[in-house]
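In what follows, a structure is listed as structure tokens, so that the remarks can point back to it.
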Amino acid sequence: MELFLQTLVDGLLIGGLIIVIGVGFSLCFGVMHIIDFAVGEWVMLGAYTAFWMVRYLGRDPFLYLPVIFFLYLAIGYLIYPLIHRAVSGRRHNPALMGLVFTFGLASLIKGGALTAWGFHVRSVTTWLSGESLALGVAVVPALRFAGFAFGVLATVAFMLFLKWSKIGVAIRAMAQDRVMAELLGVDTNRVSALVYAMYTGLTGMAGVLIGALFSIHAGMGLKYTTFAFFVVVLAGMGYVPGVIPAAFLLGLLQSFVTVYVSGRYTLLAVFFVLYLTLLVRPRGLLGRGW
Amino acid sequence: MAVPLFVSSFWLRIATEVLMWAGLAQSWNIIGGYTGYLSFGHGAFFGIGAYTTAILMVHAGWPFWPTLPVGAVLSVLCAATIGIPTLRLRGAYFAIATWAFGEAVRQVATVLEITGGAFGMQLPPFLNLPFFYEAILIATILTYLLAYLLLERSMFGYKLRAIRENEIAAETAGVDTVVTKIEAFALSAIPAAIFGGLYAYLITYIHPDSVLGPAITDLMVVMVLFGGVGTLWGPLVGATAIQLVNRLLWFLRGESTLYLVYAGVAICLVVLFMPDGLMGLVERRRVLFRPRENLKALLRQFKL
Amino acid sequence: TGAAPARDFFKVGVVTSLSGELAFGGNVTKRGYDMWADTVNQLGGIEIAGKRYRVQLIYADDQSTPATAAVAGERLITQEQVDFILGPYASGTTLALAPITEKYKVPHITGSAESPLIWQRKFKYTFGTIPPVSINAQAPIQTLAQDVSPKPQTIAILGIDDPFSKFAAEAFRTAAQKFGIKVVRYEIVPEGSDYTPAVSAAKAQNPDIFAIGSHEKAAIEMIKAAKELKFNPKAFVQHYGMTTPDFRKGLGKDAEYVFGASVWTANLNYKATILFTTPKEYAEKFKAKFGTEPDYTEAASTAAGIAFQEALRQIKATPPLDQAEKDALVAALEKLNIMTFYGPVKFATSGDYYHSNAGLQPIALQYQGGKLVEVGPGKLALAKPRYPTPPWDRR
Amino acid sequence: MLVLEEVSAAYDGVQVLYDISLRLEQGEIVCVIGANGAGKTTILRTISGLLAPIAGRIWFENTRIDRLPPHAIARRGIAHVPEGRRIFDQLTVEENLRMGAFLLQDWHQVREAFDHVYQIFPILFQRRGQRAGTLSGGEQQMLAIARGLMSNPKLLLLDEPSLGLAPKVIDMLFEVILNLNRLGRTILLVEQNASRALEIAHRAYVLEVGRVTLSGPARELQENEYVRRAYLGM
Amino acid sequence: MDMLLEVENLKKSFGGVQAVDDLSFVVQEGSITGLIGPNGSGKTTCFNLISGLLRPDAGSIRFAGREITSLRPSWIARLGIGRSFQIPAPFTRMTVLENVMVGAFSRTRSLGEASRLALEVLEFTGLKEKRDELAANLTTADRKRLEVARALSTGPRLLLLDEVIAGLNPTEVLGAMELIRAIRARGITVFMVEHVMEAVLPLCEWVIVLNFGRKIAEDTPDRIVRNPAVIEAYLGERFRARS
Ligand SMILES: Nc1ncnc2c1ncn2[C@@H]1O[C@H](COP(=O)(O)OP(=O)(O)OP(=O)(O)O)[C@@H](O)[C@H]1O
Ligand SMILES: Nc1ncnc2c1ncn2[C@@H]1O[C@H](COP(=O)(O)OP(=O)(O)OP(=O)(O)O)[C@@H](O)[C@H]1O
Ligand SMILES: [Mg+2]
Ligand SMILES: [Mg+2]
């Protein structure tokens with residue numbers, strides 16, 4: 001029973017963190033129809049940035065969360081025009097060209113990180129590392145809880161932004177009809193760049209938490225790419241609210257399979273669920289994707 | 001066909017590799033280029049072929065040759081299994097599903113006992129390089145011949161191109177698009193599996209990371225993109241160029257993990273500036289030299 | 001291959017991972033090989049029948065992939081016509097290289113690869129200076145079973161799904177069974193997964209020992225997870241991973257009390273005659289040259305060169321080696337039994353670990369006061385093992 | 001106010017507009033009539049920047065606007081209510097209208113715009129919380145027009161606003177257009193329903209296969225023998 | 001004459017929009033039948049349902065006595081229903097001949113035979129001269145012709161034409177009407193959606209009128225133009241004045 005509860009808590013906590021990656025990714029897909037193969041690499045870069053900032057500037061990595069958000073916001077904003085070029089113009093299959101482009105981007109980022117920072121495994125320590133709270137019989141690691149809380153808060157803030165702000169409404173409108181939004185005065189290229197930038201910013205921030213929780217190395221991205229893909233398919237491609245249940249499902253699936261079956265089958269279980277979803281509910285668990 | 005005797009075995013090995021990649025790239029091109037559905041897990045078929053050969057030879061004591069068709073059949077079955085749910089959906093779903101499939105196969109190979117799990121497998125060594133050179137040469141020629149006959153010279157190829165251009169219109173013109181796409185995907189898996197089997201026997205040691213790693217698919221995609229998507233000779237041009245450059249850089253050393261960066265930059269640049277690949281450049285030249293059409297187009301444009 | 005042109009130095013091929021995923025390890029072996037070649041050349045070369053022959057290392061990168069390792073071997077042997085080969089860092093690339101050296105009948109020693117799989121195939125031309133991980137991961141378990149009291153009763157083992165780590169995990173299990181410690185959980189998880197649930201599951205068994213079969217990265221994450229989960233076994237056991245600087249840096253003071261294993265440290269008191277006299281001397285020269293402390297892989301790689309050097313001296317072969325001399329070299333290696341700064345080098349000629357170094361004794365280590373200390377087994381101890389590990393908040 | 005000088009346009013190299021010249025004065029209703037596929041929609045798309053002309057110039061209030069992106073043109077006070085409504089059907093009625101007011105900076109202005117359109121289309125006020133996709137066709141058309149009005153544009157481009165509407169609704173719609181014009185809005189109207197359009201327009205252009213073949217005061221065109229035969233079905 | 005196509009109680013909605021609502025009608029073999037109605041009244045949706053691109057929510061479709069509801073579009077095409085698209089959808093990177101050959105493959109597997117069949121269709125539709133052009137380079141009128149040619153290439157018994165006349169200039173309209181008559185003369189039943197009354201009225205023997213997805217009338221053209229409901233919903237008051 002104790003183990004069951006602990007497993008439940010572990011799963012939910014990780015799910016909360018995955019939401020952050022999923023939300024940006026799903027939005028990016030929903031609005032611009034871009035599947036970013038580099039999603040895991042943004043996580044990795046965020047983690048590394050936190051590591052180097054702590055190395056050179058000291059202090060706690062959590063302090064740098066806003067800095068990293070804005071840093072990756074800026075980077076995403078600057079990169080977007082290239083992606084835009086890849087997916088527009090007279091290309092044979094624009095959406096797929098975007099996929100290939102980000103595929104190349106992922107390889108580029110990963111290779112760059114490997115070359116610059118090598119194969120060393122780094123880690124950062126925060127003031128929460130190693131601390132934990134007791135929740136009944138289960139232990140809640142403080143850092144994970146912080147990650148979870150951050151994930152949920154960031155997502156709620158983000159959803160509120162989408163629901164109520166002017167840009168938020170414009171983003172949702174654009175997801176439905178880009179041309180019409182443009183006719184109403186929305187600079188759709190800039191808003192797209194902004195969406196992409198928010199996505200990279202959020203993902204970079206998630207990277208800080210993930211880096212603090214696990215260890216940091218150049219190859220760490222792959223796993224989060226898997227997660228992001230899994231989450232958007234399960235949520236329904238482009239259906240942002242679906243990300244929340246999907247991410248929790250993924251977290252729980254991981255922890256329960258690891259504890260009650262075997263850690264070796266965790267990823268397989270994930271892939272199996274992904275396959276089943278594509279087979280029976282291709283538009284996501286809630287049937288709301290496109 | 002005969003092995004050029006004066007060639008040192010080192011160069012023979014390089015030639016063998018180039019040929020193999022040319023064949024692999026063409027296998028990807030069948031689904032990714034001609035059909036327009038990006039398979040980001042194509043390496044899985046290569047790995048399935050490699051493991052089938054290894055398992056049958058090591059655990060069942062089979063001779064080499066009969067293992068190849070078994071690997072091909074297995075790959076075809078897997079392709080159908082993946083293709084049936086996903087080829088009904090948009091291309092993005094297919095890309096994600098194949099990607100997941102590639103990762104899943106790697107997981108399976110790492111978990112199973114029969115594949116040696118994370119230890120990998122050793123095959124009985126048969127280090128007759130000319131044999132492999134010839135075998136891979138034949139396999140590559142057959143792959144291109146198949147591509148030529150089936151994709152450039154038969155009904156099937158027309159259907160695939162129609163699907164790539166406009167799936168709905170193809171469907172109403174009587175093309176059973178789902179079946180055709182699944183056929184194309186299954187077909188594209190065959191050469192990949194055969195090369196996998198040959199590779200396993202050539203290298204004698206296989207491991208989930210070496211025959212099922214994402215790098216295999218990455219390279220296929222890059223080679224085809226670089227050469228020219230959906231053209232017969234594009235994959236050959238792309239594979240030769242990239243594999244030779246890769247080996248040359250290796251030979252001259254000075255290489256590190258930068259190869260990932262090169263590959264990434266190459267993909268991005270090709271997508272941005274040369275979406276039709278090297279063959280596209282050739283094509284464009286040819287178009288330039290079609291004076292009559294060009295003149296007509298010009299006249300139309302200026303309504304003369 | 002035809003006869004190589006006459007020359008007065010040995011051409012030594014080195015295949016190792018200078019790029020790709022294993023580049024870090026590949027560079028470790030490279031430092032070991034360089035240390036050997038440079039030291040030999042400083043002395044004017046290998047002395048054979050009164051004359052000195054210098055050595056020239058020719059590197060070929062295997063890009064961390066088996067296929068390239070095979071091409072690299074092919075190139076070194078047929079293009080460069082090397083006399084013998086120093087092998088790769090990893091087992092996978094070694095397994096692809098070994099058939100090539102076998103085909104061309106070129107002697108090959110790896111200073112790093114340690115998977116038992118290599119030796120099972122009984123390659124005639126392939127040797128290794130590091131004993132398989134399955135042997136030496138047993139050392140810390142043996143120490144805990146025999147040198148501390150009260151003796152731990154239960155163990156939970158968590159291994160990573162790669163050949164090296166899995167063998168280590170299996171070695172922990174074998175040793176535990178041998179020394180009468182009950183295995184309450186044994187689990188292999190894939191590299192890179194979230195280890196928290198697996199650690200939770202281990203914690204639920206409340207074992208005395210928590211043993212981790214992995215490279216340093218996973219070990220760091222698992223120990224972090226254990227701390228967060230307030231999992232407090234009486235001993236944490238790891239093996240090679242804990243000897244790396246990354247491990248120490250990654251965990252900080254949480255590395256304290258962790259047990260591990262190695263086959264070599266600079267503190268051992270071997271007395272040798274060839275090239276370096278003691279581990280200490282080697283460590284000093286190494287540090288002077290590369291600025292870092294040597295670890296066992298570097299030492300083993302240097303020792304691989306020394307093994308060749310000794311065997312060549314014994315058969316009095318001069319460069320270039322013809323096939324008869326290469327075969328003689330293999331025969332000499334099989335008979336070799338020498339003492340080096342790295343310890344005894346003696347290649348097994350039978351059994352499961354054919355041609356691996358059977359001369360060495362594994363050592364149990366523990367972090368004590370921020371330093372790696374030899375704590376067993378038995379007489380090899382330079383300090384007493386600290387057991388049990390105090391709770392997290394009192395370290 | 002708006003001047004097109006010899007504008008030509010093409011889709012994928014296929015030319016559909018040939019040297020179109022057209023002008024609109026402040027406060028006018030001008031309508032463009034023509035057969036299906038004549039290029040009426042294309043004219044509006046070229047004005048609002050959705051399609052870059054391959055030749056010619058477009059001036060709005062004495063500044064050149066061809067080559068500007070659509071959002072920049074919208075910013076200058078041109079609202080385009082395109083063919084086929086194109087409402088955001090996942091958004092509520094109110095959110096659709098808020099999108100219409102995207103360019104307004106001032107909160108008060110937005111409030112006023114809301115009051116204004118709710119006054120014109122009271123039905124939209126009743127439906128303000130409803131998902132726009134669930135509105136009936138006529139309501140959707142009203143929403144599309146209301147959305148166009150939200151930004152308080154100087155020039156309103158209406159593309160077949162009566163399309164798919166019940167005759168009763170059409171009557172009301174033309175009433176609304178007239179009212180808007182009386183309140184000072186300049187309107188460029190594209191209509192299949194030529195007779196109704198000519199009734200409310202000041203001037204009109206007849207478009208045939210991408211060329212302007214006739215133009216003049218709406219009254220005159222109504223009397224024109226050719227127009228009567230070809231477009232008014234008399 | 002026989003009933004070639006029978007549609008019964010067909011329904012289709014998109015979200016809140018009831019695009020086709022309880023629609024029933026028949027198309028006689030050998031006829032030219034028109035389907036008209038205001039924009040958005042469900043004509044294209046109806047064609048999409050018949051050709052299998054959409055699945056009906058309810059109702060049935062029979063073709064030559066055979067139930068074809070919910071069959072795959074390619075099956076329906078091979079059973080003998082060809083269709084064109086309102087917005088031309090050529091295979092842009094293939095030549096005109098290749099475009100038409102794709103359809104011809106449902107009649108033959110041989111490349112030579114397909115190209116012979118395709119050429120024949122091109123000859124018939126007046127596109128033979130352009131057979132080696134890339135479809136991307138065609139003019140609007142030729143694209144529409146290509147739509148028809150491709151639909152004919154499968155050798156259909158029933159041809160669904162979705163606004164192939166709209167967008168053509170008066171001379172082109174005459175040409176297109178000629179072509180449609182010729183198609184019927186070959187024994188192919190034509191079922192066409194068109195707004196251009198100048199073409200619909202002389203061509204069609206029978207006209208079905210939709211409004212909001214429902215059939216509001218069906219009759220001969222001369223009676224349709226006088227039908228008050230049709231005038232009210234579609235043709236407009238002015239049309240009455242004219243006729
Ligand atoms: N996106 C497009 N791509 C290619 N051709 C187009 C496109 N849009 C319109 N056309 C063509 O351009 C021509 C003019 O079209 P346009 O939509 O401007 O006509 P219209 O007068 O508005 O007709 P309607 O009364 O049907 O709305 C038509 O022949 C049409 O087929
Ligand atoms: N895929 C779709 N999703 C949602 N709504 C649709 C879809 N297709 C059509 N509709 C809606 O169904 C209704 C009928 O559309 P349809 O295209 O059949 O009209 P139509 O009679 O062909 O009109 P037109 O004469 O303009 O071509 C319209 O309200 C349209 O908006
Ligand atoms: Mg129009
Ligand atoms: Mg229609």
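Below, read A as the first sequence line, B as the second, and so on, with proteins coming before strands; counting in each chain starts at 1.
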| remark: Under 4.5 Å to a heavy atom of chain B? For E:A89 that would be both
| Where on E:T92 is there a heavy atom nearer than 4.5 Å to chain B: the side chain, the backbone, both, or neither? | both
| said: Heavy-atom pairs under 4.5 Å with chain B: which of E:A104, E:A114, E:P156, E:P73 has the most? | reply: E:P73
| field | Flag if over 12 foreign heavy atoms under 6.0 Å of CD, E:E67 | value | yes
| Measuring heavy-atom distances to chain B, does E:F85 have an atom under 4.5 Å in its side chain, in its backbone, in both, or in neither? | side chain
| said: Please report the interatomic distance CE(E:M101) to CZ(B:R161), rounded to the nearest 0.5 Å. | reply: 9.0 Å
| Which residues, numbered in order, of residues 165-176 of chain B come under 4.5 angstrom of chain E by heavy-atom distance? | B:E165, B:N166, B:I168, B:A169, B:A170, B:E171, B:T172, B:A173, B:G174, B:V175, B:D176
| More than 12 heavy atoms of other residues, nucleotides or ligands under 6.0 Å from OH of B:Y148: is that the case? | no
| request: Would you give the length of the straight line joining atom CE of B:M155 to atom OG of E:S106, rounded to the nearest 0.5 angstrom? | output: 9.5 Å
| field | Spacing of B:Y158 atom OH and E:L97 atom CG [to the nearest 0.5 Å] | value | 7.0 Å
| request: Could you tell me whether B:F226 atom CZ has more than 12 heavy atoms of other residues or ligands within 6.0 Å of it? | output: no
| At a heavy-atom separation under 4.5 Å, does E:R109 approach chain B through its side chain, its backbone, both, or neither? | both
| task | With a 4.5 angstrom heavy-atom cut-off, could you sort out which part of B:V178 is near chain E: side chain, backbone, both or neither? | result | both
| message | Around atom CD of E:E178, are there more than 12 heavy atoms from other residues, nucleotides or ligands closer than 6.0 Å? | response | no
| Has E:K130 got more than 12 heavy atoms of other residues, nucleotides or ligands less than 6.0 Å from its NZ? | no
| said: Applying side chain to side chain contact (heavy atoms under 4.5 Å, CB included) to E:R72 and B:T177, what does each step give before you reach the verdict? | reply: CA-CA 10 Å; E:R72 291 192 54 79; B:T177 53; 3.6 Å; yes
| said: At a 4.5 Å cut-off on heavy atoms, which part of E:S84 comes close to chain B: side chain, backbone, both, or neither? | reply: neither
| task | Evaluate the side chain to side chain contact (heavy atoms under 4.5 Å, CB included) criterion for residues B:R164 and E:R93: first the C-alpha distance (whole Å), next the side-chain angles of each, then the deciding distance (0.1 Å), finally the verdict. | result | CA-CA 9 Å; B:R164 181 183 65 191; E:R93 280 186 292 167; 3.3 Å; yes
